[in-house]
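See structure below.
First listed ligand is number 1; within each ligand, the first listed atom is number 1. These figures come from a predicted structure and were not determined experimentally. Numbers here are sequence positions counted from 1.
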Amino acid sequence: MFPRILPVFFVIYAAKCTLRTDQQFWTELAENELAEALQVKWNLGVAKNVILFVGDGMGPNTVTATRIYKGGESHRLVYEKFPHVGLLKTYSANKMVPDSSCSATALFCGVKANQETIGVDASVKHKDCSASLRPEARLKSLASIALKAGKSAGFVTTMRVTHATPGPIYAHSADRKWECEDKMPASAAACKDIARQLVEDWPGKDLQVILGGGRQVLVSNSTGTKEDPLDTWSCIRKDGKDLIKEYQKDKHDRGLRYSYVSNNKQLKGFDVDQTDYLLGIFANGHLKYEHERNKGPEGMPSISDMVEAAIKVLRKNKNGYFLMVEGGNVDMAHHRGWAKRAVDESAALEGAVRLAAAHTDPRDTLLVVTSDHTHTLSINGYPYRGTDIFGIAQTSKYDNVNYTTLSYGTGGPGSMKYSVKTEHNRTVAAREDPGVNTDSFDYQQIAAITLDENSHGGGDVVVYARGPHAHLFHNVHEQHYVYHAISYAAKMGAYSGTSAIYTNISLLAIAAWVAICIMK
Ligand SMILES: *[C@@H]1O[C@H](CO)[C@@H](O)[C@H](O)[C@H]1NC(C)=O
Ligand SMILES: *[C@@H]1O[C@H](CO)[C@@H](O)[C@H](O)[C@H]1NC(C)=O
């Protein structure tokens, strides 16, 4: 009896130790935060470099769950220690709740757009090819204005490089699905697919870093393997083009030094000194989830591995760089109702932010971490502090059935955890018991409303910032403000040379005043 009880006491004792509740503990937590807050100074320098992280679908509840997953309720994620935060309103030109292409257009191109359009303003309706060809509808991205300012530019994504979030960095399309020619209707014959825009058009062809998935949209008749299957939901190129070869030919013909890599070994091994342009395509479709990718030499890289390689190439430019990093599998997992996978992907993105924070200097590099939209994830009451975020919250006294701490507002058929029963001559919904495996990666949390899949949410997302002009993120902002704030901080686009103008104006004013004084 005794030896069996002993470990239980140890567990209780350990739990008590780690979960302090005494006054001193809370006071120390708060005093540390106060000391930190009193240190905050505005950094009025120019952002030579900018790295913009987008956790796709990483709403505030996903971030809270990530924090608890990684270290408990009092833990702080690396970007939660950034000195400046704000909120972003994510509605689009035509929807209260956006998709990832119009929200990426807002973030990277500075205006709100219609759902499912890429890099074009709201004069372009979804699927309206001819409207998207009008030059005045086509938007310039942060990558375009960074290149114009003499900086390097590029992006890293765990999605296809032609997907909704990276798309607006370089493409203009009336439909996010036009990633390759095979998904384009006859009415879009005059429009170029997104993959070709990346390789053939500006600014895509001048991007120094392109890392992600999407071989099947770049190379005709790509074949899948068990490890790296074709994504039959998305476009599969069939027009005979090999855009990876075209990329290489273009760089070769222009005398530019490039590397093409397609697995972990090559990404670790490319010659940074001899590489000014880096293309890495690691999968037919999206990259695998972090917890199930092959970490060996033939496998796919983590988001941190890609960010590390990107920074190595981009920082060679003495004028600085703009880099966009998308953690896209947060969104993919949420769509399928896999909260633990989504949170694990969000944790992987935090790892990439940690790496970037360590490899850059806050004096000259602006780091911005945000999301494009939320999901309908909720954190339900009232689990005990210190319990598993993927565990059971409580039992409902109305049906005597357990419920999980995490659940969704909307979800696919796998999240429809109701059956029917007859009670008092009425047919009612009976909630299924969540069982004991709610902590598994494959567990789909219950959703209130059944749809094809979990939908996006319309709540605000948080924006965290560190570095020059990070204080421009300070209250509740429009999502497309991010483009303007970054342009200002890095003196790009409409704000290139702003400080020079202001300095000149003040010098002129002083000179005029002195002249007037002398004349008097
Ligand atoms: C159920 O319906 C039957 C027949 O319609 C009726 O006799 C019975 O009283 C009802 N029971 C309840 C609990 O309403
Ligand atoms: C309900 O959850 C508790 C843990 O909170 C667990 O001990 C219990 O076995 C669960 N009930 C069922 C029916 O699974």
Side-chain angles (χ1 to χ4, degrees), residues 1-22 25-26 59-75 77 289 291-292 330 333-334 336-347 375-451 453-454 457:
M1 192 73 190
F2 181 74
R4 282 173 64 180
I5 285 176
L6 198 60
V8 177
F9 279 126
F10 268 124
V11 169
I12 292 169
Y13 182 72
K16 269 195 163 162
C17 277
T18 48
L19 292 179
R20 284 177 56 187
T21 56
D22 54 289
F25 170 73
W26 302 120
N61 285 350
T62 303
V63 175
T64 303
T66 308
R67 178 198 308 147
I68 297 171
Y69 174 54
K70 289 207 79 172
E73 292 86 348
S74 314
H75 180 67
L77 300 169
Y289 290 110
H291 76 96
E292 54 191 19
V330 180
H334 272 322
R336 283 147 190 74
W338 290 321
K340 184 168 181 176
R341 280 210 174 92
V343 169
D344 195 60
E345 288 298 317
S346 160
H375 267 270
T376 64
L377 183 74
S378 65
I379 304 177
N380 304 310
Y382 297 93
Y384 279 101
R385 181 170 162 227
T387 55
D388 182 359
I389 184 71
F390 307 110
I392 303 296
Q394 289 191 151
T395 314
S396 163
K397 72 174 184 187
Y398 288 94
D399 55 11
N400 278 320
V401 176
N402 279 348
Y403 59 94
T404 49
T405 299
L406 299 181
S407 72
Y408 289 102
T410 58
S415 308
M416 184 168 53
K417 308 215 167 189
Y418 293 95
S419 52
V420 290
K421 66 175 180 185
T422 305
E423 213 171 53
H424 307 302
N425 285 357
R426 271 198 322 147
T427 302
V428 295
R431 202 160 49 81
E432 287 167 15
D433 190 279
V436 292
N437 291 326
T438 59
D439 194 358
S440 106
F441 279 113
D442 291 322
Y443 185 76
Q444 291 172 298
Q445 279 73 8
I446 195 170
I449 301 164
T450 307
L451 302 171
E453 58 173 18
N454 182 310

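Contact annotation for atom 11 (N) of ligand 2: protein present (non-hydrogen atoms, distance under 4.0 Å). Using a 4.0 Å threshold on non-hydrogen atoms, atom 2 (O) of ligand 2 counts as touching the protein.
Side-chain atoms of Thr395 and Asn402 form a donor-acceptor pair, as typed in the model, at a separation below 3.5 Å.
For the residues Asn402, Asn400, Ile392, Thr395, the heavy atom positioned nearest atom 6 (C) of ligand 2 is part of Asn402.
Checked for salt-bridge contact, Asp442 and Lys340 miss the test: no charged N lies under 4.0 Å from a carboxylate O.
The shell of residues lying under 4.0 angstrom from ligand 2, judged by heavy atoms, includes Asp433.
The shortest heavy-atom contact between Trp338 and Tyr408 is C-OH, 3.8 Å. Among all heavy-atom pairs drawn from Pro434 and Tyr443, the shortest one is CB-OH, 3.3 Å.
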